[in-house]
2 protein chains.
Amino acid sequence: MGGLMRRPTIMDIARAAGVSKGAVSYALNGRPGVSQETRERILAIAHDLGWAPSSTARALSPGGRVGAFGLVIDRPARFLGVEPFFMQLVSGIEAELAATDTDLLLQVTDDRKAEAGVYRRWFAERRVDGVIIVDLRVDDPRVALVEEMPLPAVVLGGPQGGGSLSCLYTDDASSVREVVHYLAALGHRRVVRVAGPDEFVHTRDRTRAFEAAAAEAGLPGAVTVHADYTGESGARTTRRLLARADRPTALVYDNDLMAVAGLGVAREMGVDVPGQLSIVAWDDSVLCRLVHPALTAVARDVVAGGREVARMLAEAVQGKSVGSRETVRGELQPRGSTGPLTG
Amino acid sequence: MGGLMRRPTIMDIARAAGVSKGAVSYALNGRPGVSQETRERILAIAHDLGWAPSSTARALSPGGRVGAFGLVIDRPARFLGVEPFFMQLVSGIEAELAATDTDLLLQVTDDRKAEAGVYRRWFAERRVDGVIIVDLRVDDPRVALVEEMPLPAVVLGGPQGGGSLSCLYTDDASSVREVVHYLAALGHRRVVRVAGPDEFVHTRDRTRAFEAAAAEAGLPGAVTVHADYTGESGARTTRRLLARADRPTALVYDNDLMAVAGLGVAREMGVDVPGQLSIVAWDDSVLCRLVHPALTAVARDVVAGGREVARMLAEAVQGKSVGSRETVRGELQPRGSTGPLTG
DNA sequence: CATCGCCGCTTAACCGGTTCAGTATTCGAG
DNA sequence: CTCGAATACTGAACCGGTTAAGCGGCGATG
């Protein structure tokens, strides 16, 4: 079996079938212009030869697609590794892409300038048909950039700040409200939220919702403090909060990683969870169920979100007008880390 | 600024410079055939126009590179998300690739047949210049597959089972020995290793080394049990082991995720760590430092490994003979989860 | 002074597809 | 029987690069 054989081209098929290149192209793409009989003969030969279209040649034709989407993740390597969110997102995207013969180009960068550079390069070199934008920031320059090129794009987040781009967004506000009322009902009065950086659109949305819900539930002491999603920052922040005289009785974290770190700190400081402190995580992953007590969390279906965003981008690339869509909101998953104060 | 402008081509540059396409190509690629003066003029125009080579066109030329490497990860979505190893690996690979204008195609699949299909498709469609193979299995069919096509490839693992492919491997055996002797020195006699699936080459290597080291250290009760890297399986296995009458006093896990799960189980069962049970994790990530007590772990520099494997593949793609290389072995990082038995 | 060889460039072919314009053949309608 | 149109194809251009071959002009060499 010819391992070293040249990849077959449509010209090889044409010769074998005794027809022209063009006829083969029509046959293989299911377009009119060849008889049923010839079409079948060509398809059979293509199959026998193990032919597959050269993605590069196909992309070169006017109007041709490259068959790849791009995703840039802008987080330093060492804490990216533990963030379950992204891998789940990638899994979801690829589950959808697998059916459409599209590949995913993943790029992990350290800083935002580099990130913009990647989009520019992907566009200029014609590497991707479209990109997915995550971690939308306030006044995000990437939005203007892809709008200008223009490069088809879908934003996971928004819809505020997404400009003219299609967004796939969640109603975080109502999840926040659910969490706040849940904690209030358990008797908590001093609730602190350990959030991600303020520059992210979703962080601000949640902060606004958190303040509104706290006012609604009569929790005057509810405040938001900012960390950076890393376990280290979660631990540091928690340590500071628990050392205060009027230490909070409930902490709401913006991701699961900081919540796990917070739990470790509480244990280290001898603060009983949930007896003296309740902990809620945002983004439910295996992590929340591994630790003891298991963490109460706001569970979102990230994989499904990945699928949906990939589907939207596929439509956008085909020139369809996609618009923005809302995905299912996070559900509060009560577990052992929350409860009424005891003693 | 022309957002809607067509991407500039070398033909545009040629017209602006008043020379032919070929001259522009020579100039842009730093090859002889144009005068220094013309070369500089062409480069200036290219820069002004914001030109970048079309990767698809370039790849189409005989001998042309696509400018992309492929990586297939074969783990179901839900526990992939939490496995820090892969994201760190990806970060390392991309850190190296960034300099060479090469992109990474990432594919996450659910089963092995699909994985082989991805390699086949990538080759047939000419999507990648080479691939990185991870999670090498015993009699791995992927090795024969890429050898036959042939598709340049580098194996992360081996070198046994890597066939004629270049491998980047670690001396796991000596790390295993270090762990075993460390535990023996602490006074442990009943040491159990919770390993990954037996089908992985590195699992078998470690198992063999574990048995040898245990014999050497005089630990007759040292055995290996198999789990599947997920937190669930780690928890289940730990629960079973700790329920035994002659329960082990030390557990060595093949990844950090199972170790964290094991710690949670111990806590849940009222087994004090490290007073009654010592825990060692393989692969050190933030996870190990988040929990309390922090986990003693065998720390490997996965990011550096990613860089190295990318570098090797780049050389292999250029036709250089690469050979196999050894990367730095894991270092035991003692932390709070290990110690002598108390009471 | 004729010749050789190199420099600097142009021309054209090629990579592997897609697609448009044109052509020969068949078929139905008038 | 003739005309028009649909059918089934062919030939060639095109996408945006790379590269081998060719070619005029110039300087060095014999």
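Here is the naming used below: chain letters follow the sequence lines, and residue numbers restart at 1 for every chain. Since this is a predicted model, take the numbers as computed values, not measurements.
Spacing between atom CZ of B:Arg15 and atom C1' of C:dT10 amounts to 16 Å, rounded to whole angstrom units. Atom CD of A:Glu37 is separated from atom C1' of C:dT26 by 15 Å (rounded to the nearest Å). Distance, B:Gln36 CD to C:dG8 P: 10 Å, rounded to whole Å.
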*Can you give one letter per nucleotide of nucleotides 11-18 of chain D, 5' to 3': B if a protein heavy atom sits under 4.0 Å from the base, S if only from the sugar-phosphate, - if neither?*
----BBBB

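No salt bridge links B:Lys113 with B:Asp111; every basic N to acidic carboxylate O contact stays at or beyond 4.0 Å. Using a 4.0 Å cut-off between charged nitrogen and carboxylate oxygen, B:Glu308 and B:Arg311 count as a salt-bridge pair. Using a 4.0 Å cut-off between charged side-chain N and carboxylate O, B:Asp103 and A:Arg121 make a salt bridge. Taking a cutoff of 4.0 Å between a charged side-chain nitrogen and a carboxylate oxygen, B:Arg7 and A:Glu125 do not qualify as a salt bridge. Using a 4.0 Å cut-off between a side-chain N of Lys or Arg and a carboxylate O of Asp or Glu, B:Glu315 and B:Arg325 qualify as a salt bridge. The pair B:Arg307-B:Glu96 meets the salt-bridge criterion, with a side-chain N (NZ, NE, NH1 or NH2) lying under 4.0 Å from an Asp/Glu carboxylate O. Classification of A:Arg127 and B:Asp101 as a salt-bridged pair holds, one side-chain N sitting under 4.0 Å from a carboxylate O.
Relative to the axis of its first five pairs, the axis of the last five pairs of the helix from C:dC1-D:dG30 to C:dG30-D:dC1 sits at 50°, rounded to 10 degrees.
Put simply, the side chain of B:Phe69 does not reach to within 4.5 Å of the side chain of B:Val128, judged on heavy atoms.
Heavy-atom contacts from other residues, nucleotides or ligands closer than 6.0 Å to CG of B:Asp139 number 12 or fewer.
For the pair B:Thr38 (side chain) and B:Val34 (backbone), a donor-acceptor distance under 3.5 Å is absent.
Listed by residue number, the members of residues 98-105 of chain A with any heavy atom below 4.0 angstrom from DNA chain C form an empty set.
Relative ring orientation between A:Phe200 and A:His202 is described as parallel, the plane-to-plane angle staying below 30° on a 0-90° scale split at 30° and 60°.
At the heavy-atom level, A:Arg126 lies nowhere under 4.0 Å from the strands shown.
Between B:Thr38 and C:dG8 there is no side-chain N or O to OP1 or OP2 distance below 4.0 Å.
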